[in-house]
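Each chain gets a letter, A, B and so on, in the order its sequence line appears, and its residues count up from 1.
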Amino acid sequence: MTDEVIKINKLSKEYITDAGTVPVLHEVSLSVKPGEFVAIMGPSGSGKSTFMNILGCLDVASNGQYLLNGRDVNQQSSDELALLRNQVIGFVFQGFNLLPRANLEDNVALPLIYRGLTRAERIMQARVMLEKVGLGKYHHSRPNQISGGQQQRVAIARALVNHPKLLLADEPTGNLDTHTSQEIMQLFSELNNRDGITIVLITHEHDIAAYAHRLVRLADGRVIYDGPVAGDPLVHAAHTGAEV
Amino acid sequence: MLAMLSEAWMAMWANRLRTILTMLGMVIGVGAVILMLAVGQGAQQKVQASIAAMGSNLFIILSGSTTSGGMRMGGGAAPTLTAEDAQSIGELPLVAAVAPSSPGVAQLVYGSSNWSTQVIGTTPSYLTVRNWALAAGMPFTDSDVRSATRVALIGRTVAENLFGDEDPVDRTIRIKNSPYVVLGVLAAKGQSLDGRDQDDTVLVPVTTAQRKLFGSQFAGTVRFIMTQAESAEVMPQVERSITELLRQRHRIRAGADNDFTIRNLTAMANTAADTAKVMSLMLGSIASISLLVGGIGIMNIMLVSVTERTREIGIRMAIGARGQDILLQFLLEAIIISVIGCLIGVLLGVGGAYAVSVITGMTAVVTVSSIITAFAVAAGVGIFFGWYPARKASRLRPIDALRFQ
Ligand SMILES: Nc1ncnc2c1ncn2[C@@H]1O[C@H](COP(=O)(O)OP(=O)(O)OP(=O)(O)O)[C@@H](O)[C@H]1O
Ligand SMILES: [Mg+2]
């Protein structure tokens, strides 16, 4: 099926360090259809972020095939990859990664610069997005003048400003308290339900993963579970408070 | 592009102090280049003005011989050149004009003012040879020379000192106590190459000088003869024919030394002009070194800036910046710094040139071309020294830039 947003076939990744090659991902395969909401879980060091960076075209796989929107990512030039990151993918980081010296609307408008829009158009679209994540009143504040939850909303607005098909988030609630995390996850749900945006996110927490429809569990660079969140083999362990 | 410009500007604004310090390197470099070029240009123009004032394609023929080292005009050696020598030189082909000249120093008096200056006995063609015009009045004529009349042309300095605001034409002054009618005032010529005031002089007919003014013990001789060739190309040829003619007229045997010396004034002037040019080039290149240092300063700061902002570069790449976008952003920063620095440097250089000419009295000439050159060089320096750091930034892999701590 070519209408899959993500189609990954036997993808491997190893890091080459001074100490030698470190294999991190072993022949991972995964397909994500439009409109899906996927949570990736797994113990620390299992390769979740590595996998996510490859999904986001920030890093390249050592082996295997990755089709994004039916296009073979390995065949793309670096400019084409930049275009994919700009137009097809929205990326949300655990640490927000806003530009500290730019105000919120400039932060949100940043991806539009690389699309050659005029400043007026950029600011207009950025305001619409800020409105959408509930920060319409703050567009002239600086990132350090608002709370972590609000910063993550700004980062989401930035990820959405180019209307991407796919939203990737690496532990988007990792730096937030439980209540704020719930709010952010409600925003993700809304984006998925209402706007049909495909979402893949990494989390360590079950209540966060519960917002998704599908769970992929990694361990030691391999997929050990891929199915509905309710069917998670480790759900019981999580309920008793143990982390795997 | 406009967006990139404002991005670059924002980054520079965030690091104001550093930006200004980096700019300072450019400011000093460009300022120094403009100032030094102005001083050099001023010196060159002064030399050229002196050369133009001297007259073109000139020989000066002096009594006495030269040996390889220089002049050998033994004390009391009899002057050997005569007004007749001058006349026969004038009849040679390719010679445009000839003026014999018998200078001496004399006291001038008009009313209650008196002034001591150089009086040159010569012929009307002296004005042609020296390319000298009259500011007022008329020149004396060949008939004045023939009959040795007491008439004079006075230089601007002499006119100012004797007459003040009065019009000197047709007034009578006393030179060595004899009355002379002032026929005209010479146009101002300014300083000669060796720094003498050329306007501090009086011209009288050569015969008047010989017979009435200086009463030479060597009757009929002149101190030197100025000769103008028809063009620069024929000067060597004219020099040869003058030598031949004078040896013949002075009956010098083959193998014996000349009793006269021919100096090519135009060649000497050209040497002076070349010297001035070399000097201005040297000043310019010394100043260029500071421009280079300013450029290296930009490169240094840009490298630091790239390292410091690696994470920002990563963020930008993660949201879709291409390598060339990052390249352009950093390159623009370097260019903005160097162009603004250049702008301020030009202002400083022009101001400095003005200050130098006011304070030291040297001429400093800021030319449009030196400003354009400075701008081009500044933009070039910005691109050249900004290129490497900007390229380094644009070549980062997004994930490495993002992970950078
Ligand atoms: N740049 C790198 N160079 C070498 N090894 C790396 C690099 N990045 C990650 N690794 C290694 O790859 C493995 C997986 O790292 P990764 O960051 O993908 O884990 P993770 O599942 O995201 O963990 P966490 O839950 O703690 O975020 C780790 O053992 C890590 O040491
Ligand atoms: Mg991780």
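- Screening Leu11(A), Asn9(A), Leu30(A) for a side chain to side chain contact (heavy atoms under 4.5 Å, CB included) involving Tyr66(A) leaves a single residue, Leu11(A).
- Looking only at heavy-atom pairs under 4.5 Å with chain A, the residue among Ser6(B), Ala14(B), Ala318(B), Gly314(B) that has the most is Ala318(B).
- With a 4.5 Å cut-off on non-hydrogen atoms, Ala401(B) does not touch chain A at all.
- Of the possible donor and acceptor atoms, one in the side chain of Thr19(B) sits under 3.5 Å from a partner among the backbone N and O of Asn15(B).
- Proximity to chain B is limited to the side chain of Arg158(A), based on heavy atoms less than 4.5 angstrom apart.
- Using a distance-only test at 3.5 Å, with no hydrogens or angles considered, no donor-acceptor pair links the side chain of Glu333(B) to the main chain of Met302(B).
- Using a 4.0 Å cut-off between a side-chain N of Lys or Arg and a carboxylate O of Asp or Glu, Arg101(A) and Asp106(A) do not qualify as a salt bridge.
- Applying the 6.0 Å contact sphere to OH of Tyr354(B) captures no more than 12 heavy atoms from other residues, nucleotides or ligands.
- Using a 4.5 Å cut-off between heavy atoms, Ala102(A) touches chain B through backbone and side chain atoms alike.
- Within a 6.0 Å radius of CE in Met10(B), more than 12 heavy atoms belonging to other residues, nucleotides or ligands are found.
- Contact count versus chain A (heavy atoms, under 4.5 Å) is highest, among Arg316(B), Met317(B), Arg397(B), for Arg316(B).
- Heavy atoms closer than 4.5 Å to chain B are found in the side chain of Asn53(A), but not in its backbone.
- For Arg403(B), the part sitting under 4.5 Å from any heavy atom of chain A is the side chain, from C-beta outward, and nothing else.
- Considering only heavy-atom pairs separated by less than 4.5 Å from chain B, the leading option among Leu98(A), Thr118(A), Asp59(A) is Asp59(A).
- Proximity to chain B is absent for every atom of Leu117(A), based on heavy atoms less than 4.5 angstrom apart.
- Remark: the Thr21(A) side chain and the Glu14(A) side chain contain no N/O donor-acceptor pair separated by less than 3.5 Å.
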